[in-house]
2 protein chains.
Amino acid sequence: MIDPPFLPAGDDAAPDPAAFTALADRLRALGHPARLAVLHTLARENRCVCGEIVRELPLAQSTVSQHLKVLGEAGLIRSRAEGARTAYCLDHAALAALRAEIHAVFDLLLRQGANEPAAES
Amino acid sequence: MIDPPFLPAGDDAAPDPAAFTALADRLRALGHPARLAVLHTLARENRCVCGEIVRELPLAQSTVSQHLKVLGEAGLIRSRAEGARTAYCLDHAALAALRAEIHAVFDLLLRQGANEPAAES
DNA sequence: ATCGATCATCGTTCATCGACGATAAACGAT
DNA sequence: ATCGTTTATCGTCGATGAACGATGATCGAT
């Protein structure tokens, strides 16, 4: 169902640098507490108008709108104009795909059990 | 085994903003292609000296050292001075913990199956 | 037709990031 | 003791990020 574009070939195939870039872009979109809070709100409310999110965060409307734009450009949320308002909702498919990619990366990083070459710091 | 500090209480408990910040910090550390490449190299080689990583990336030594510092401050890798060199390796425990936190977040975001309130964009 | 509400965008400001070269410190070997 | 190697740090530069207020466009209702 989900198509994992990360490392489609063998395990240790040299990962396409573009794949790293595409994944990093979305991880960076997640890498801000306000955006995590926005996603959490959208998950709880299922569908939010911008003003509702503004009311939940200690940020100006323009700042929230900017964060929504970042999340939209990362493809993690979708928007729909409804009269004077704009409704936002999670893009479940995109989030599921991202989860799969992240899962694959962590599998790659943690594959062979904990080797501990006596690291100190 | 792994302690997931994310949302220890009920599902819809208001998430501690500090939890968002802590998670966002590590996600941001992952949100750069060079750092993903570094992690991938460390996973493959299990233990790398800085120069080896420099040889794999089209970046100056000082830049790579900076990325290693970011990853270290995020707690994702560990370092050990060995003579004139410094060996780096993944912090498997920290990565496993992060994976668990990310997993919890995505579970939260994707919990109730795909609701599609007719989003257009 | 006007008004209030809603939201995206613009312009600005300050801080942080990402990259580099240069430098200095630490070490092993000569 | 000196030299070459390795790496962390410093200073710099340009670009990007994050935040805000102000503005303007769009819409519903009056």
Protein-nucleotide distance ([X], atom [atom1]; [N], atom [atom2]), rounded to Å:
X: Arg28(A); N: dG18(C); atom1: CZ; atom2: C1'; result: 11 Å
X: His67(A); N: dC7(C); atom1: NE2; atom2: C1'; result: 16 Å
X: Gln66(A); N: dT16(D); atom1: CD; atom2: P; result: 14 Å
X: Phe20(B); N: dA18(D); atom1: CZ; atom2: C1'; result: 18 Å
X: Ile53(B); N: dA8(D); atom1: CD1; atom2: C1'; result: 14 Å
X: Gln61(A); N: dA8(C); atom1: CD; atom2: P; result: 7 Å
X: Glu52(B); N: dT5(D); atom1: CD; atom2: P; result: 17 Å
X: Asp25(A); N: dG17(D); atom1: CG; atom2: P; result: 10 Å

Could you tell me whether [X] contacts a base, only the sugar-phosphate backbone, or nothing, with contacts defined as non-hydrogen atoms closer than 4.0 Å?
X: Leu59(B); result: sugar-phosphate
X: Thr86(A); result: sugar-phosphate
X: Val70(A); result: nothing

Checklist entry - Under 3.5 Å, is there a donor-acceptor pair between the side chain of Ser65(B) and the main chain of Gln61(B)? => result no
Report the distance from atom [atom1] of [X] to atom [atom2] of [Y], rounding to the nearest 0.5 Å.
X: Arg35(B); Y: Gln66(B); atom1: CZ; atom2: CD; value: 9.0 Å
X: His32(B); Y: His67(B); atom1: NE2; atom2: NE2; value: 4.0 Å
X: Glu82(B); Y: Arg47(B); atom1: CD; atom2: CZ; value: 4.0 Å

Checklist entry - Side-chain donor or acceptor of Ser62(B) under 3.5 Å from a matching atom on the base of dG21(C)? => result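 Looking at the base of dG21(C), it does pair with a donor or acceptor on the side chain of Ser62(B) (distance under 3.5 Å).
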Does [X] place a side-chain N or O at less than 4.0 Å from the phosphate oxygens OP1/OP2 of [N]?
X: Tyr88(B); N: dA8(D); answer: yes
X: His32(B); N: dG17(D); answer: no
X: Arg85(B); N: dA26(C); answer: no
X: Ser65(A); N: dC7(C); answer: no

Next on the checklist: Do Val49(A) and Val38(A) sit in one hydrophobic cluster, given that two such residues count as connected whenever their side-chain heavy atoms are within less than 4.5 Å of each other, even indirectly?
Outcome noted: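 Unlinked, Val49(A) and Val38(A) end up in two clusters.
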